[in-house]
Enquirer: 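What follows is a single structure, and I will ask about it in a moment.
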Amino acid sequence: MVRILHTADWHIGKQLHKYNLEADHQLFFDWLIEVIREREIDLLLVSGDIFDTSFPSNASLSLYYKFLTQLLPLNCRIVITGGNHDSPGVLNAPREILAHLRIDVVGDVTGFPAACYIPFPEWKLAVAAIPYLREADLRRSVSASGYSDRAAQIREGISQYYRDIVDYHGQHHPEHGLIGMGHLHVAGAQTSESEREIHIVGNLAAFGLEQFPGGFEYIALGHIHKPQKLNDIVRYSGSPVPLSFSERKDPKYVLELGFEDGRLKTIEPLAVPVSRELKSFTGTLDEVRRQLQAYSPVFPLEALVEVHVIEENYSPDTSLRFEQMLAEFSEAEFRIIKPRLTFENRRKDAADLFATGVEIEDLSPRQVFIKRLENEVLEEEMREKLLSAFDELAGKISME
């Protein structure tokens, strides 16, 4: 049996409220190497968002290449595709050297379909390594002037890439099984706070599951951080490391696939060990202080904590006591990285739409706009019209 691992959305270099998660990624890579060794994995598929930014730091690049180097003695083939967070140039730069090491990298669709088609005749398999498809990749299929029509054209453009590579497969290795890869938002997938860029355009132009053509044994997706099954053969592996507090309760997996004679036989989720707890405490100042006093982390890495103190009446004294509480726990065995203080009956102006301590980097433009609407006295019909207009404008801007 050929054993394959599906993972995605590593986001190396991610900072959670300015707290570096390099140690989390290192522990994940250490665990993944052991899994590949012990379970004799033949092929590793990584479906996009290798890095958290287009210009990863030297530390992030070093972590990435160290991991690839450690895999070399294990005789495991690797296919890596680019995500929306990745720079195609950064991923593709060492591609020719990595290819000699049996590591295939597809940062963009230059040279499609041949450059995105990776055959493994020894296993009677081929991989359609389709990375994140950008506007420029789909422009030839986008001709409608209205955004709703344009969104439909974008979905059709994505579908065309998958149809074309299925056709290419049929011309070259029709006797082999075909595994698809993709980095996109499929309609109906559950998202989390850390997928900021898909809240607006992604929800409007989400790709329909039915738009994948037939011909695939399995489709290994990335882009959505919650692991989920869309149907028997289309799955998101999810991110292996929690990337926001909204993911603190999500299970983290990689998926092991078993193939025989080019056909999918088994799918087994392998739980990624928890190395750090993300904890959230909410209540009055006294309630939160008691919760913090009683909290004792149990995982190897320092726990990260968000606190949200909610008091009914505004008081400068409460603000002072809040700051004193943060100082009180500054030397605790956990770190408070997201402190918030709100007063329920305090009138909010534009500067007070969100609770104290909320980082602007956590918010999508749509979330800010919705909060602004909530602060206005508006009829529901007008509120919906304004939100609809915002979505349309935001969609058009993102396409330019």
Side-chain angles (χ1 to χ4, degrees), residues 2-10 12-13 25 29 32-33 35-37 40-51 54-56 58 60-134 137 161-162 164-166 168-169 171-173 176-183 216-222 237 254 257 259 262:
V2 178
R3 300 181 184 277
I4 299 172
L5 282 188
H6 165 205
T7 179
D9 295 284
W10 291 351
I12 302 171
H25 283 104
F29 289 144
L32 187 59
I33 288 168
V35 167
I36 291 171
R37 177 185 291 111
E40 299 181 337
I41 300 300
D42 299 292
L43 174 63
L44 175 67
L45 304 177
V46 190
S47 298
D49 279 353
I50 312 305
F51 298 104
S54 297
F55 301 100
N58 289 337
S60 297
L61 290 168
S62 177
L63 193 60
Y64 170 62
Y65 289 119
K66 178 184 175 183
F67 169 73
L68 296 182
T69 301
Q70 289 177 304
L71 280 185
L72 294 179
L74 302 185
N75 198 35
C76 178
R77 297 292 303 271
I78 307 170
V79 178
I80 296 169
T81 58
N84 57 300
H85 281 249
D86 296 313
S87 162
V90 169
L91 284 185
N92 287 341
R95 180 167 55 185
E96 294 182 5
I97 293 176
L98 292 177
H100 287 288
L101 301 176
R102 293 158 52 95
I103 300 171
D104 293 285
V105 178
V106 182
D108 58 19
V109 288
T110 302
F112 180 86
C116 299
Y117 183 78
I118 305 168
F120 296 96
E122 67 273 28
W123 300 330
K124 298 182 181 179
L125 284 171
V127 173
I130 299 180
Y132 177 73
L133 297 169
R134 291 173 163 81
D137 304 323
Y161 271 94
Y162 285 92
D164 287 348
I165 209 159
V166 167
Y168 187 85
H169 175 69
Q171 296 165 12
H172 291 80
H173 296 285
H176 294 169
L178 181 63
I179 300 173
M181 298 176 70
H183 194 87
F216 291 102
E217 285 292 313
Y218 181 82
I219 300 178
L221 295 181
S237 65
V254 298
L257 317 173
F259 279 81

Enquirer: What are the two closest heavy atoms between Gly182 and Tyr162, and how far apart are they?
Expert: CA-OH, 3.1 Å
Enquirer: Could you work out, with side chain to side chain donor-acceptor pair (under 3.5 Å) as the rule, every residue matching Tyr218, not counting sequence neighbours?
Expert: His6
Enquirer: Looking at Thr81, Ile179, Thr7, Leu5, which hits side-chain contact (heavy atoms from CB on, under 4.5 Å) with Leu45?
Expert: Ile179
Enquirer: Which residues pass the side chain to side chain donor-acceptor pair (under 3.5 Å) test with Asp86, sequence neighbours left out?
Expert: none
Enquirer: Measure the CG-CD1 distance between Leu98 and Ile78 for me, rounded to the nearest 0.5 Å.
Expert: 8.5 Å
Enquirer: Rounded to the nearest 0.5 Å, how far does CG of Leu44 lie from CD1 of Ile36?
Expert: 5.0 Å
Enquirer: Rounded to the nearest 0.5 Å, how far apart are CD1 of Ile165 and NE2 of His172?
Expert: 11.0 Å
Enquirer: Do you know the tightest heavy-atom contact between Pro131 and Val109?
Expert: CD-CG1, 3.8 Å
Enquirer: Out of curiosity, Ile130 CD1 to Ile219 CD1, how far, rounded to the nearest 0.5 Å?
Expert: 9.0 Å
Enquirer: Quick one: closest heavy-atom pair of Thr69 and Pro73, and the distance?
Expert: O-CD, 3.7 Å
Enquirer: Among Leu63, Leu61, Leu91, whose side-chain contact (heavy atoms from CB on, under 4.5 Å) with Pro56 holds?
Expert: Leu61
Enquirer: With heavy-atom distances below 4.5 Å as the criterion, would you say the side chains of Ile80 and Ile103 are in contact?
Expert: yes
Enquirer: Say you draw a straight line from CZ of Phe51 to CD1 of Ile12; how long is it, rounded to the nearest 0.5 Å?
Expert: 5.0 Å
Enquirer: Taking the side chain as every heavy atom from C-beta outward, state whether Val106 and Cys116 have any pair of such atoms under 4.5 Å apart.
Expert: yes
Enquirer: Does a side-chain heavy-atom distance below 4.5 Å link Leu43 with Val79?
Expert: yes
Enquirer: Would you say the side chain of Asp9 lies within less than 4.5 Å of the side chain of His183, judging by non-hydrogen atoms?
Expert: yes
Enquirer: According to salt bridge (charged side-chain N to carboxylate O under 4.0 Å, His left out), does anything in residues 98-107 pair up with another residue at least two apart or in another chain? List the pairs.
Expert: Arg77-Asp104
Enquirer: So Tyr161 and Asp137, side-chain contact (heavy atoms from CB on, under 4.5 Å) or not? Walk me through it.
Expert: CA-CA 10 Å; Tyr161 271 94; Asp137 304 323; 3.6 Å; yes
Enquirer: What's the separation between atom CG in Leu71 and atom CG in Leu32, rounded to the nearest 0.5 Å?
Expert: 7.0 Å
Enquirer: Taking all non-hydrogen atoms of both residues into account, name the closest pair between Gly262 and Glu217 and its distance.
Expert: O-CG, 3.5 Å
Enquirer: Apply side-chain contact (heavy atoms from CB on, under 4.5 Å) to Leu221 and Ser47, showing your working.
Expert: CA-CA 6 Å; Leu221 295 181; Ser47 298; 5.9 Å; no
Enquirer: Taking only residues two or more places apart in sequence or in another chain, which ones pass side chain to side chain donor-acceptor pair (under 3.5 Å) with Ser54?
Expert: none
Enquirer: Does Leu125 form a side-chain contact (heavy atoms from CB on, under 4.5 Å) with Ile4? I'd like the steps, not just the answer.
Expert: CA-CA 11 Å; Leu125 284 171; Ile4 299 172; 3.9 Å; yes
Enquirer: Mind checking what makes ring-ring contact (aromatic ring centres under 6.0 Å, His included) contact with Phe67, not counting sequence neighbours?
Expert: Trp10, Phe29
Enquirer: Going by the side-chain hydrogen bond (donor to acceptor under 3.5 Å, both in side chains) test, which pairs reach into residues 113-132, not counting sequence neighbours?
Expert: Tyr117-His169
Enquirer: State, to 0.1 Å, how close Ala8 and Val46 come at their nearest heavy-atom pair, and which atoms those are.
Expert: CA-CG1, 4.4 Å
Enquirer: Search all heavy atoms of Pro94 against all heavy atoms of Tyr65 and return the closest pair with its distance.
Expert: CG-OH, 3.2 Å
Enquirer: Is there a side-chain contact between Asn84 and Asp49 (heavy atoms, below 4.5 Å)?
Expert: yes
